[in-house]
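I have placed the structure first, in the form of structure tokens, so that the comments after it can refer back to it.
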Amino acid sequence: MKPFLKVIQLHKNENQLIKRAIKNNREAQHVLFELYAPKMLSVCRYYVKDLQHAESVMLDGFFKVFTNLSNFKNQGSFEGWIRKIMIRQAISFLRQQKKLEFSVDDMGIHDNSENNINTNIEVSQIQELIDELPEGYKIVFVMYAIEGYKHQEIAELLNISLGTSKSQLFKARKMLQDKILKINNTTSYGAI
Amino acid sequence: MAPYKYEEEFKSKLEKRSLQPSVNAWEKLSNRLDKEEKQTSKKLYWWLGVAASLVGVALIATQFFNTETGVKIDDETIEIVTQQEELQLEKIDDATIPEAVENNDEPVNVKPSINTPKIKKLKPAILVEVPKTAIAKVDSIDEIKTITPIQPKALLSFEEQKIQTVVAQIKILNETQEVTEADIDALLKQAQRDIQLSKLINSETGVVDANSLLQDVEAELDQTFRMRVFEAIKDSYVTVKTAVAQRNE
């Protein structure tokens, strides 16, 4: 019961903070920033390779959050609302850098049987594997596999076709599997 | 497509990660928010200024139109005053000229209307302009007699003297030479000036009455206009008369 009450209390506190932040109360905005900035920086880092650039994207995102806070109508979680803003900001950043290129080839899409790969990879290694993917593959993979977006939503956000979204994901998975297998083989050889 | 096993592992581990922002991250954001707030308030003040200007212009326009109607009212009052000061034309017979001259406020403009160029008998219809005032409205010569001026006896006698002098002069001229219209006009004008001058200057104190002087000037202006009008009417009448006579010949 106590943890449940704690959650309610936190939610009530957050609502009060949001109300004050809407009125441009800098202290309330600072508290909200401290609460959500670490998580949001991590989200931005999914998409942007350089940490400084990722922080810049995160700050741009929070600027939009606080200047449009009155638009948050308590529909869903506050964190989910901020996260959406961060993802859009990251996409905008990549577009400005002209890094969003989606290669189109005749590679067929088919089910890959290697979907039971076991991995024991550290989070830093995971991030490295994702960073090594081409931008087009990476963004679709992250939005689908990590963020949980559907192909239709990805296609709309990135302004690409449904087929392109699916093909990009397929290619991303192919590359990742190959890399993971290499890591696993290296590990197992190393263990020997 | 169903999520792969390793993808779920990636998701789980990445979701748990948090990265600490740099030390001055909040400061950068705070400064940016302050700037944005100032710009927003400037815009608000600008719009307020525009609104205030519009209100001011509307007020000034309202005042302007109100003062215009005020001017109109003043014009009406001026018109009323001028009507009160308008001279009333009266045709008075020659015999009653001495008694016809009355009213110290306005000068008298005597203009003869002569039928023939050669004057042997001075029997024209003499137009005497008597000012119409709210106080004294003259209907007949008898009434003129009853109006008491400031210096009644002296002024009447002076004016009477002047008229008689003019008549005598005309008679003398008539005996010696032919009297023209211009001669009579000149004599009458001279007599009029003398009468006006006597009115302006108080003989006892020797001080010129400013109000009388002003009224004299104003009347002179009116008379000048009237004279012009009469001259124009007379000329037109003579022209028409001549044309008709020539046609009949």
Side-chain angles (χ1 to χ4, degrees), chain A residues 21 24 26-27 29-30 33-34 36-46 51-52 54-56 58-63 65-67 109 111-112 114-127 129-130 141-142 144-148 151 166 169-170 172-173 176-177 180-181 184, chain B residues 1-70:
Chain A
N24 288 325
R26 207 58 88 233
E27 281 179 18
Q29 289 172 345
H30 192 189
F33 177 81
E34 293 295 329
Y36 293 104
K39 184 71 190 151
M40 295 305 131
L41 181 56
S42 175
V43 169
C44 292
R45 181 65 184 84
Y46 299 165
L51 187 62
Q52 269 190 332
E55 185 175 284
S56 177
M58 184 266 293
L59 290 176
D60 289 344
F62 267 106
F63 180 77
V65 163
F66 291 131
T67 53
I109 300 167
D111 282 337
N112 196 322
E114 301 288 338
N115 60 351
N116 288 321
I117 297 170
N118 289 322
T119 60
N120 193 15
I121 308 171
E122 295 292 324
V123 68
S124 57
Q125 261 184 314
I126 295 170
Q127 185 66 65
L129 288 170
I130 292 171
F141 176 80
V142 169
Y144 184 88
I146 311 299
E147 299 288 352
H151 280 296
K166 287 179 181 175
L169 177 65
F170 173 78
R173 277 174 169 171
L176 280 171
Q177 283 166 21
I180 291 168
L181 284 168
N184 283 346
Chain B
M1 291 181 196
Y4 289 180
K5 192 178 176 184
Y6 70 90
E7 286 175 4
E8 288 179 3
E9 188 182 333
F10 282 9
K11 182 177 177 176
S12 172
K13 285 182 179 177
L14 285 170
E15 282 289 316
K16 287 175 187 173
R17 183 182 72 176
S18 63
L19 297 172
Q20 202 61 36
S22 62
V23 177
N24 57 351
W26 167 248
E27 196 181 328
K28 285 182 196 171
L29 180 61
S30 179
N31 291 340
R32 201 170 156 189
L33 287 167
D34 289 338
K35 230 185 231 179
E36 179 66 17
E37 225 174 284
K38 279 179 189 172
Q39 282 179 357
T40 310
S41 62
K42 267 185 193 173
K43 276 183 191 174
L44 182 67
Y45 284 130
W46 188 83
W47 281 113
L48 280 172
V50 167
S53 305
L54 286 171
V55 167
V57 165
L59 279 170
I60 290 164
T62 313
Q63 287 291 324
F64 177 73
F65 285 119
N66 281 342
T67 52
E68 269 194 351
T69 56

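Here is the naming used below: chain letters follow the sequence lines, and residue numbers restart at 1 for every chain. Quantities reported herein were computed from a predicted structural model and do not represent experimental measurements.
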Interatomic spacing from CZ in Arg17(B) to CD in Gln127(A) - rounded to 0.5 Å: 4.5 Å
Hey, could you give me the CG/CD distance between Leu169(A) and Glu7(B), rounded to the nearest 0.5 Å? 6.5 Å
Can you tell which part of [X] gets under 4.5 Å to a heavy atom of chain B, answering side chain, backbone, both or neither?
X	value
Gln29(A)	both
Met40(A)	neither
Tyr46(A)	both

Val123(A) vs Lys16(B), side chain to side chain contact (heavy atoms under 4.5 Å, CB included): CA-CA, chis, key distance, verdict: CA-CA 9 Å; Val123(A) 68; Lys16(B) 287 175 187 173; over 6 Å; no
Identify which part of Gln20(B) has an atom lying under 4.5 Å from any heavy atom of chain A, answering side chain, backbone, both or neither. both
Report the option among Phe63(A), Phe66(A), Phe141(A), Phe33(A) that has the most heavy-atom pairs separated by less than 4.5 Å from atoms of chain B. Phe63(A)
Check: Glu55(A)/Ser22(B) side-chain N/O donor and acceptor closer than 3.5 Å: yes
Measure across [X] and [Y] and return the closest heavy-atom pair with its distance rounded to 0.1 Å.
X	Y	value
Ser42(A)	Ser18(B)	CB-CA, 4.2 Å
Asp60(A)	Arg32(B)	OD1-NH1, 2.6 Å
Arg26(A)	Asp34(B)	NH2-OD1, 2.6 Å
Leu59(A)	Leu29(B)	O-CD1, 3.7 Å

What's the verdict on side chain to side chain contact (heavy atoms under 4.5 Å, CB included) for Leu14(B) and Val142(A), showing C-alpha distance, side-chain angles and the deciding distance? CA-CA 11 Å; Leu14(B) 285 170; Val142(A) 169; over 6 Å; no
Is Lys13(B) reaching over with its side chain to a backbone N or O of Ile121(A), donor-acceptor style, under 3.5 angstrom? yes
Ala25(B), Ser30(B), Ser12(B): which one forms the most heavy-atom pairs within less than 4.5 Å of chain A? Ala25(B)
Check against side chain to side chain contact (heavy atoms under 4.5 Å, CB included), Leu129(A) and Tyr6(B): CA-CA 12 Å; Leu129(A) 288 170; Tyr6(B) 70 90; over 6 Å; no
